[in-house]
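One structure is given here, and the rest of the page talks about it.
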Amino acid sequence: MKKKHHFILLFGVLCLTSGWAQRSTSLSLLDAYSFAKAQYPLLGNHPLLQQASDLRLENIEKSKLPTIQWKADATLQSEVVQFPGGEMVPISIDLPLYNVKTYAEANYLLYDGGLRAAQKEVEKLQLTADQQSLEVDVYHLREQVNRYFFGILLLREQVKLLDVTLKDLEEKKTTLEAGVRHGVVLESEVDKMAVRQLEIRAEQEQVQRDIRSYLSVLEELTGTSLTDDAQLKLPNLDAFRLNQTLTRPEQTLFQYQKQSLLANEKLIEANRKPKLSAFAKAGFGYPNPLNFFDNSVSPYAIGGLGFSWNVFDWGKEGRDRELLTVKSQMIDNQQKTFEHNLNLTERKYQEDVAKLEDRIARYRQIADLQNKILQQLSSQLEHGVITVADYLTQANAELRARQELELHQVQLQQVKIDYLTQRGAL
């Protein structure tokens with residue numbers, strides 16, 4: 001029975017292990033964004049920012065509790081109080097030239113003018129801005145994902161085109177070998193075809209290595225494990241349009257920064273309001289700090305209320321408010337500059353899209369014509385009218401035309417995705 005249980009346990013472990021080791025066969029671009037964000041180490045600062053803010057808020061909250069300090073003072077003076085008249089004065093005073101006292105002092109702020117409430121509001125708004133700053137940093141991961149995502153797609157298109165060419169060359173090589181056997185084609189013509197096949201296979205191997213390299217980086221970015229032929233899915237671009245509204249996380253960050261900054265107005269106001277506090281002291285002193293005629297070590301205690309109000313601050317409050325206004329305007333200018341720079345590229349994307357669409361239409365025509373010519377030369381090659389070199393030249397021309405067509409089609413998709421990413425529309 002034990003052996004049966006052990007077998008079941010081992011089988012379950014193997015199943016789990018194989019499940020963990022299983023590699024994904026597809027990945028969408030939007031999922032890649034989400035995975036890359038979840039994988040990004042900087043996001044670990046989110047809970048740390050919250051933790052740091054909670055600690056600062058707790059310190060602000062605790063500041064309303066009484067403060068208790070233990071203090072000690074010792075002084076040495078050159079003379080003490082003496083009554084004029086010498087022996088004629090009936091009161092005798094014998095005070096030492098030094099005095100020592102040690103005491104505990106407690107202070108409690110009864111009214112702070114709303115200072116703590118203002119500090120809490122500033123802290124909460126600053127936390128929101130700091131967390132949004134992380135979102136801005138993470139958003140730039142999309143540009144890296146786009147680069148490798150489309151890099152793989154472009155390289156795969158090259159592999160497809162090279163496969164088609166190899167297949168075509170193999171068919172022509174078979175025809176030439178038949179001609180060699182019948183004595184109508186030189187064997188060197190077959191060798192030329194074989195050399196070209198080797199060159200294309202070498203190019204294929206290099207492209208495959210590049211694809212694997214790009215896949216490795218994409219896996220590292222997204223924390224996924226992909227098969228070499230994993231399908232990379234793009235979002236539907238049928239409804240693509242230019243002149244998208246700008247919705248970047250930086251815009252939200254600018255607004256949070258302004259809110260955090262302007263919350264300091266309440267802090268400035270609270271600092272100017274009157275403050276009322278209670279205090280108490282208790283300790284020992286020599287001589288007695290409260291009884292002028294007692295020069296022994298004596299306990300003493302003092303308690304009372306304290307009031308403070310900075311009635312005149314030489315215009316500091318006004319300058320502080322003005323400084324907040326200046327800083328707020330600086331944030332506005334940063335946002336306008338950010339949006340201005342992005343809007344400048346709107347025309348460039350329009351031109352890039354139009355240029356690629358025009359090139360796609362043109363190279364589609366070129367590829368069709370080159371293929372038509374290649375079919376004619378294929379018949380001529382079979383009848384010995386042209387040489388292999390002539391055919392290979394045309395085959396290369398047709399291949400380049402199809403490569404350019406496929407390249408521009410993928411590039412058009414990349415330009416559209418880059419545009420949507422830049423505008424924050426994905």
Quiz prompt | Under 3.5 Å side-chain donor-acceptor pair for Thr224 and Glu219 | solution = no
Quiz item: Would Glu123 and Lys120 pass as an ion pair if we require N to O under 4.0 Å?
Solution: no
Quiz item: Ion pair present between Asp112 and Lys64, side-chain N to carboxylate O less than 4.0 angstrom?
Solution: no
Self-check item: Interatomic spacing from CD in Glu269 to CG in Leu115 - rounded to 0.5 Å
Solution: 11.5 Å
Exercise. May I ask you to decide if the ring planes of His408 and Tyr363 are parallel, tilted or perpendicular, using 30° and 60° as cut-offs?
Key: tilted
Quiz item: Looking only at side chains, do Arg209 and Gln206 share a donor and an acceptor under 3.5 Å apart?
Solution: yes
Practice problem: Report yes or no: does Thr345 contribute a side-chain atom to a donor-acceptor pair with the main-chain N or O of Leu342 at less than 3.5 Å? | Solution: yes
Exercise. Kindly check if the number of other-residue, nucleotide or ligand heavy atoms within 6.0 Å of NZ (Lys275) is above 12?
Key: yes
Exercise. Decide, yes or no, whether a salt bridge links Arg321 with Glu317 under the criterion of side-chain N to carboxylate O below 4.0 Å.
Key: yes
Self-check item: Under 3.5 Å donor-acceptor, Ser28 side chain and Pro235 backbone
Solution: no
Practice problem: Using a strict cut-off of less than 4.0 Å between a Lys/Arg side-chain nitrogen and an Asp/Glu carboxylate oxygen, indicate whether Glu189 and Lys192 qualify as a salt bridge. | Solution: yes
Residues 348-357 side chain polar contacts: donor-acceptor under 3.5 Å, at least two apart:
| from | atom 1 | to | atom 2 | distance (Å) |
| --- | --- | --- | --- | --- |
| Lys348 | NZ | Asp352 | OD2 | 2.8 |

Exercise. Decide yes or no on side-chain contact (heavy atoms from CB on, under 4.5 Å) for Asp73 and Tyr103, but give the supporting numbers first.
Key: CA-CA 9 Å; Asp73 296 328; Tyr103 57 94; 3.5 Å; yes
Practice problem: Count the heavy atoms belonging to other residues, nucleotides or ligands that lie under 6.0 Å from CD of Glu187, then report whether that count exceeds 12. | Solution: no
Quiz item: Is there a donor-acceptor pair under 3.5 Å between the side chain of Glu346 and the backbone N or O of Asn243?
Solution: yes
Exercise. Indicate whether the side chain of Thr222 and that of Gln39 have a donor and an acceptor atom separated by less than 3.5 Å.
Key: no
Practice problem: State, to 0.1 Å, how close Ala230 and Arg156 come at their nearest heavy-atom pair, and which atoms those are. | Solution: O-NH1, 2.6 Å
Quiz item: Which pair of heavy atoms, one from Leu253 and one from Ala129, lies closest together, and at what distance?
Solution: CD1-O, 3.3 Å
Quiz item: So, does Arg423 use its side chain to make a donor-acceptor pair with the main chain of Gln244 at under 3.5 Å?
Solution: yes
Quiz item: Do the ring planes of Tyr286 and Tyr98 sit parallel (below 30°), tilted (30 to 60°) or perpendicular (above 60°)?
Solution: tilted
Exercise. Kindly give the heavy-atom pair with the smallest separation between Tyr139 and Gly424, and that separation in Å.
Key: OH-CA, 3.1 Å
Quiz item: With no hydrogens and no angle check, is any side-chain donor or acceptor of Asn264 less than 3.5 Å from a backbone partner on Leu261?
Solution: yes
Quiz item: Are any non-hydrogen side-chain atoms of Leu232 and Leu29 less than 4.5 angstrom apart?
Solution: no
Quiz item: If you look at every heavy atom in Lys101 and Pro289, which pair is closest and at what distance?
Solution: CD-CG, 4.4 Å
Exercise. State, yes or no, whether a side-chain contact exists between Leu65 and Tyr108 at a heavy-atom distance under 4.5 Å.
Key: no
Self-check item: Any side-chain donor near an acceptor of the partner, Thr75 and Asn99, under 3.5 Å
Solution: yes
Quiz item: Shortest non-hydrogen contact from Ser260 to Leu125?
Solution: CA-CB, 3.8 Å
Quiz item: Would Lys336 and Asp332 pass as an ion pair if we require N to O under 4.0 Å?
Solution: no
Practice problem: In plain terms, say whether Asp228 and Arg212 are close enough for a salt bridge, that is, a side-chain N and a carboxylate O under 4.0 Å apart. | Solution: yes
Quiz item: Does one side chain, of Gln422 or Asp418, offer a donor that lies under 3.5 Å from an acceptor on the other?
Solution: no
Quiz item: Any ion pair linking Glu406 and Arg402 (charged N to carboxylate O, less than 4.0 Å)?
Solution: no
Quiz item: If you measure only the distance, is there a donor-acceptor pair under 3.5 Å linking the side chains of His46 and Glu135?
Solution: yes
Quiz item: So Glu170 and Thr174, side-chain contact (heavy atoms from CB on, under 4.5 Å) or not? Walk me through it.
Solution: CA-CA 6 Å; Glu170 187 61 35; Thr174 302; 4.2 Å; yes
Exercise. Could you walk me through whether Val385 and Leu381 pass side-chain contact (heavy atoms from CB on, under 4.5 Å), step by step?
Key: CA-CA 6 Å; Val385 178; Leu381 178 64; over 6 Å; no
Self-check item: Carboxylate-amine/guanidinium contact Lys372 Asp368, below 4.0 Å
Solution: no
Practice problem: Would you indicate whether Lys273, at its atom NZ, is surrounded by more than 12 heavy atoms from other residues, nucleotides or ligands within a distance under 6.0 Å? | Solution: yes
Exercise. Answer yes or no: is there a donor N or O on one side and an acceptor on the other, between the side chain of Asp390 and the main chain of Ile386, under 3.5 Å?
Key: no
Practice problem: Take atom CD of Glu220 as the centre, draw a 6.0 Å sphere, and report whether it contains more than 12 heavy atoms from other residues, nucleotides or ligands. | Solution: no
Quiz item: Side chains of Gln251 and Glu339: do they bring a donor and an acceptor to under 3.5 Å?
Solution: yes
Quiz prompt | Trp70, CH2 atom: more than 12 neighbouring heavy atoms under 6.0 Å | solution = yes
Practice problem: Answer yes when Arg116 and Glu61 have at least one side-chain N-carboxylate O distance shorter than 4.0 Å, and no when they do not. | Solution: no
Quiz item: Does a sphere of radius 6.0 Å around CD in Glu322 hold more than 12 heavy atoms from other residues, nucleotides or ligands, not counting ones at 6.0 Å or beyond?
Solution: no
Quiz prompt | Note, Gln51 side chain near Asp54 side chain (heavy atom, < 4.5 Å) | solution = no
Quiz item: Would you find a donor on one side and an acceptor on the other, under 3.5 Å apart, between the side chain of Gln394 and the backbone of Gln370?
Solution: yes
Quiz item: Ser63 side chain to Ile60 main-chain N or O, any donor-acceptor pair under 3.5 Å?
Solution: yes
Exercise. Please say whether more than 12 non-hydrogen atoms of neighbouring residues, nucleotides or ligands are located less than 6.0 Å from OH in Tyr214.
Key: no
Quiz item: If you take all heavy atoms of Phe149 and Ala32, which pair is closest and at what distance?
Solution: CE1-CB, 4.4 Å
Quiz item: Between the side chains of Gln126 and Asp130, is a donor N or O closer than 3.5 angstrom to an acceptor N or O?
Solution: yes
Quiz item: Is there a donor-acceptor pair under 3.5 Å between the side chain of Trp309 and the backbone N or O of Arg272?
Solution: yes
Quiz item: How far apart are the C-alpha atoms of Asn146 and Tyr148, what are their side-chain angles, what is the distance that settles it, and do they pass the side-chain contact (heavy atoms from CB on, under 4.5 Å) test?
Solution: CA-CA 6 Å; Asn146 288 349; Tyr148 293 102; over 6 Å; no
Quiz item: Is there a donor-acceptor pair under 3.5 Å between the side chain of Asn371 and the backbone N or O of Ala367?
Solution: no
Quiz item: OH of Tyr419: more than 12 outside heavy atoms within 6.0 angstrom?
Solution: yes
Quiz item: Quick one: do the Thr421 and Glu143 side chains pair a donor with an acceptor below 3.5 Å?
Solution: no
